[in-house]
Amino acid sequence: MQVPASFDYERAASVDHALSLLRRHGPEARLIAGGHSLIPMMKLRLAQPEVLIDINDLSDLSYIRIADNRLCIGAMTRHADLLASPLVAEHYPMLVEAEEVIADPIVRNRGSVGGSLCQADPSEDLSAAFAALGASFVVAGEAGRREVQGEDFHLGPYTTAVEADEMLVEVRIPLRPSMGSAYEKLERRAGDWAVAAAAAAIRLEDGVIAEAGIGLSAVNAAHFRSPQAERRLVGNPADQATLAEAASLAGADCNPSADQRGPVDYKRHLVSELTLRALVRAAASANRRI
Amino acid sequence: MQVQMTVNGQPVTAEIEARLLLVHFLRDQLGLTGTHWGCDTSNCGTCVVWLDRTPVKSCTIFAAMADGHEIHTVESLETDGKLDLVQEGFANLHGLQCGFCTPGMMMTARWLLDHNPSPTDAEIREAISGQLCRCTGYENIVRAIRWAAEQTENSGEFASPGAQEKGVSA
Ligand SMILES: Cc1cc2nc3c(=O)[nH]c(=O)nc-3n(C[C@H](O)[C@H](O)[C@H](O)COP(=O)(O)OP(=O)(O)OC[C@H]3O[C@@H](n4cnc5c(N)ncnc54)[C@H](O)[C@@H]3O)c2cc1C
Ligand code: FES
Ligand code: FES
């Protein structure tokens, strides 16, 4: 039986209350959202917070809405809610495709968008999807709220720009109605973490790619992105040659490690193939959306 | 710390350690051993219960987090000696062999049918995809759930005998 170390339990009633509890208890305190990353770590004693601050009552952080021409997703939005959202399906079907393959339906009932992003597991799916869509992240602290751009949010495995006395409250994605997007992931069995995953977003103007985002997960790409593939795409037509070259650049523009999910060259090949499949579908969708 | 919650419709007050997991609270403190405890790593789903009428893995929730909330376990499926159609389906169509995975499977199945009364086989398989069975090969579990759905369709009645009491709309 895996027994977590003892801790004191606090329940936050509002964002301000959560922040004041974080300040009062110091760096040994941790927020708990769905708990589906933190509790397994506590069972293994990889995490031993002295105080847990439960933010599940903050239902005002559970929303998906459009404001200021952006799709805004509250940090306590559950995976299941993102998956079921018609607004998300309309604007960024890639997010629905990613959610379909994140864990399993029961885990998705509990795991939250904010918890996933703040856990910043190198194999986390939403980080790659949001990276491709150019999302920004709203972080609340004592001094108020600040908006962190994607590149500045993920600082490395399990590390984000959210300080110990801060919390993530919202994810924002600029609305681009003509943007096509798609997500491709290979997993060993239903509900498993990715062997590799690729997210592609494309916007066309006059037959030329005006904007492109490539996100990669589980292969140690800096900030979950492939800037080289993106540069190859922008300014060029979305033809087979361009997409294939960008996809093969993505396979080189990451740093996978060999593990029980496969050797390095296999994973690079996989990244190229998944990126190509995602690009082809994103381009087709972008064509339909013009 | 003290917690208060509703378990299968009954108010419960208890003194617990904050680190106590919900599955152990239900089994060891309340004696509700219908909920099983398997992998302890959020993978097998035998510990599935409803938290505020949503299926969750109770090995990955602290009992403290359920304070003030409503829990339903597999013991709530049967009402006044009458089995839920899902339970009847599992019995009639051999949806179990050893029975270890069964409580979690049935809680998910009941929830599925309450929200989607005529699921396709693919939807049934997706619904239970986070739950493992080492005996049946899943075929009979899918059949059992489909049978329960068909009975409901045929009778045109409420899915579960307890559905109204639980406030679940079919
Ligand atoms: C069996 C299983 C399979 C899974 N498979 C996948 C998969 O395929 N792909 C995938 O992407 N994920 C997967 N996950 C992870 C799942 O998505 C988790 O739910 C998620 O990573 C964490 O969300 P949570 O709400 O449970 O966070 P928690 O565990 O509550 O928190 C995680 C961390 O984030 C911090 N935190 C939480 N919310 C905030 C906030 N608002 N502000 C600041 N810090 C915060 C916590 O302090 C903690 O450090 C899987 C999980 C399980 C159990
Ligand atoms: S015991 Fe909870 S998922 Fe296996
Ligand atoms: S019946 Fe034995 S594990 Fe499912």
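Residue numbers start from 1 in every chain, and the chains themselves are labelled A, B, ... in the order their sequence lines are given, proteins ahead of strands. These values consider heavy atoms only, across backbone and side chains, with no hydrogens, waters or symmetry-generated copies.
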Please determine whether a side-chain nitrogen of the Lys or Arg among [X] and [Y] lies less than 4.0 Å from a carboxylate oxygen of the Asp or Glu.
X	Y	answer
Glu139(B)	Arg125(B)	yes
Asp114(B)	Arg53(B)	no
Glu97(A)	Lys185(A)	no
Arg277(A)	Glu273(A)	yes
Arg143(B)	Asp121(B)	no

What residue in [options] has the most heavy-atom pairs under 4.5 Å with chain A?
options	value
Trp37(B), Phe62(B), Trp111(B)	Phe62(B)
Ile61(B), Leu20(B), Asp40(B), Ile128(B)	Asp40(B)
Cys59(B), Gly45(B), Ser129(B), Ala64(B)	Ala64(B)
Gln131(B), Met1(B), Lys57(B)	Lys57(B)

Positive for side-chain contact (heavy atoms from CB on, under 4.5 Å) with His79(A), one of Arg108(A), Arg110(A), Glu100(A), His36(A)
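The single option meeting the side-chain contact (heavy atoms from CB on, under 4.5 Å) with His79(A) is Arg108(A).
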Donor + acceptor pair across side chains of His154(A), Ser127(A) (<3.5 Å):
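Yes, Ser127(A) and His154(A) have a side-chain donor paired with an acceptor closer than 3.5 Å.
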Taking atom types as modelled, find out whether Glu123(B) and Asn116(B) have a side-chain donor-acceptor pair closer than 3.5 angstrom.
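Present: a donor and an acceptor within the cut-off.
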Considering only heavy atoms, which portion of Ala5(A) lies under 4.5 Å from any heavy atom of chain B: side chain, backbone, both, or neither?
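The backbone, not the side chain.
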Relative to chain B, which of Asn56(A), Asp57(A), Leu44(A), Ile39(A) shows the most heavy atom pairs under 4.5 Å?
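The candidate making the most pairs under 4.5 Å is Ile39(A).
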What residue in Ile32(A), Leu38(A), Asp8(A) has the most heavy-atom pairs under 4.5 Å with chain B?
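That would be Ile32(A).
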[X] versus chain A, the contacting section by heavy-atom distance below 4.5 Å:
X	result
Val48(B)	side chain
Met65(B)	both
Glu126(B)	both
Leu51(B)	side chain

